[in-house]
Structure formats: C-alpha cells, structure tokens
Amino acid sequence: MAYRFNIFDNGAALAETLAERVAGTLAEAVAMRGHASIAVSGGSTPKAFFRALSSTTLDWSRVTITLVDERFVPESNERSNHALVSAGLLQGKAAEARFVPLYHDGATAEDAARLATAATVDLCRPFDVVVLGMGGDGHTASFFPGGSNLQMALDPATPRGVITMEAEGAGEPRLTFTFSALQDARLLILHIESQSKKPVIDRALSEGKDSTLPIGRVIATASSDTEIYWAP
Ligand SMILES: O=C(O)[C@H](O)[C@@H](O)[C@H](O)[C@H](O)COP(=O)(O)O
C-alpha cells in the first residue's frame, strides 16, 4: 500500500504532532467502539513521543496498550520494552490505561509467545494504532534480516499473534507480533529519527515489496497506508 512521509525540524516537534495524531485516533475509537488498542515499539526513539502522549486528555481507562515486540527479558532488565513503556507512557493521564505485556516470567520464549497471543487475540483485529520503529538494518518490530522466523513473521497467511524471533542483530531472543497482526491497523505509523536512518527508509521505499529490508516489505504490502514520521 501507500505511505505519507511527514518531515519535522526536530524530535520535539515530531513528538507533539504524533502524540496529537495518535490521541485523536484513540479517542475516536473509544467514542465509536467503547475501547481502543495500541501497540508501540521500544528502543530509544519513542521516549519524547511517549512523554507527549501520556499527557494527552482522553479516557485512558478504555485504552489497552501492548508492545509491537519485546526482548525476552523481565521488566526488571534495562533492555525491557515493558520497562520503557512503564517509565515513559504509563504515566500522568495515561497511567489509567491497561497494559498487556508480551514477556511472562518462568515461561520459555515459545510458551510466552503462546500466552501473549492468547492475551491479545481481541486487541489486534485490527489494532486501532500501531507505532513501528526501524533499525539501521531496516528491521521493524523484530523482523530482523536473517531472523529465525522472518518468513513466517512476514507471511500475510500466518495467523495473527505473537511469535519468537532470533537474529544476530537482535541481542536476546525476541517476542514479536506477526505482520498479519500489525498491517491493517486503523492508524499505521512508522516513527524514525536521525539522519542515518533517512537513506535506509528511502532505499526501503524505492525497493518496495521485493526489498531485502523488512520495513520495505511491510510498508509495500500492508493493507493500511503507513504514515511515516521522520526528524533528523
Ligand atoms: O525492541 C526494539 O528495539 C524495537 O521494537 C525495535 O523494532 C526498534 O523500534 C528499532 O530497533 C529502532 O530502535 P531505536 O529507536 O533504538 O533506533
């Protein structure tokens, strides 16, 4: 599908605009269906966006937040995306939101994936909002080039859910929603920052569905248009 490329002077301006866009979609979902669901990415990029979104006014008690993907570590680990969301987004007005983690203490990665799939089965049909990030290698979610389950993850025929992923660039084993669970979000966002990522996304967009960069395949084959938010 198509995409719209939104360029901002800096991360602060991007965060404010993106927070307003996302909050508006969540509020509309609550008004129309009584609840809203959002899957956010971890990493270092979304911190200012999380802060801005957590201070927006909406009925957060009717919003469920989960993660696009998670490192297979407990919340106490500094690499945990759950910890990042707890510290950055589940604060202020957004503290009332419900959070559904992907990691489960005491479970193997495969068991955690099955538990997370069961816990999110009603959230991703479709998500109201999905906020993707992108690594310098063109991965998004935990769709890493050369990943152990990359073909399964990107196959539109794979049932919606959470699967495991291992890859050289991923660090720990990962838990990630499948492409099928993310691609038809009512609002599909790609949030990227830094000059270094611009040539990567430009290449991904020019290569489209045949790109070796997972983000290129995701944007080109998603049934929802992707709104790209980029600041240097
Ligand atoms: O767990 C993660 O790391 C993310 O979900 C991942 O997909 C992230 O969005 C990219 O790796 C970008 O990370 P940065 O924002 O740190 O560049």
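Since the model is a prediction, treat every value here as computed from it, not as a measurement. As the structure lists them, so they are numbered: ligands from 1, and atoms in each ligand from 1.
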Check your understanding: OG1/T176 to NE2/H139 distance, rounded to the nearest 0.5 angstrom?
Key ->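 It comes to 9.0 Å.
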Tell me, which pairs form a salt bridge (charged side-chain N to carboxylate O under 4.0 Å, His left out) where one or both residues lie in [range], sequence neighbours left out?
{"range": "residues 136-163", "answer": "R160-D184"}
{"range": "residues 96-111", "answer": "D111-R114"}
{"range": "residues 14-23", "answer": "R21-E227"}

Point to revise | salt_bridge(R174, E166) N-O dist < 4.0 Å | key: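 Judged by the 4.0 Å cut-off on N to carboxylate O distance, R174 and E166 do not form a salt bridge.
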Review point. Y229 vs F8 aromatic rings, parallel, tilted or perpendicular, using cut-offs 30° and 60°?
Key: parallel
Practice item. Output the set of protein residues with a heavy-atom contact under 4.0 Å to ligand 1, ordered first by chain identifier and then by residue number. Key: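 Within 4.0 Å of ligand 1, protein side: S41, G42, G43, S44, T45, D69, R71, N81, G133, M134, G135, H139, A141, R174, K197.
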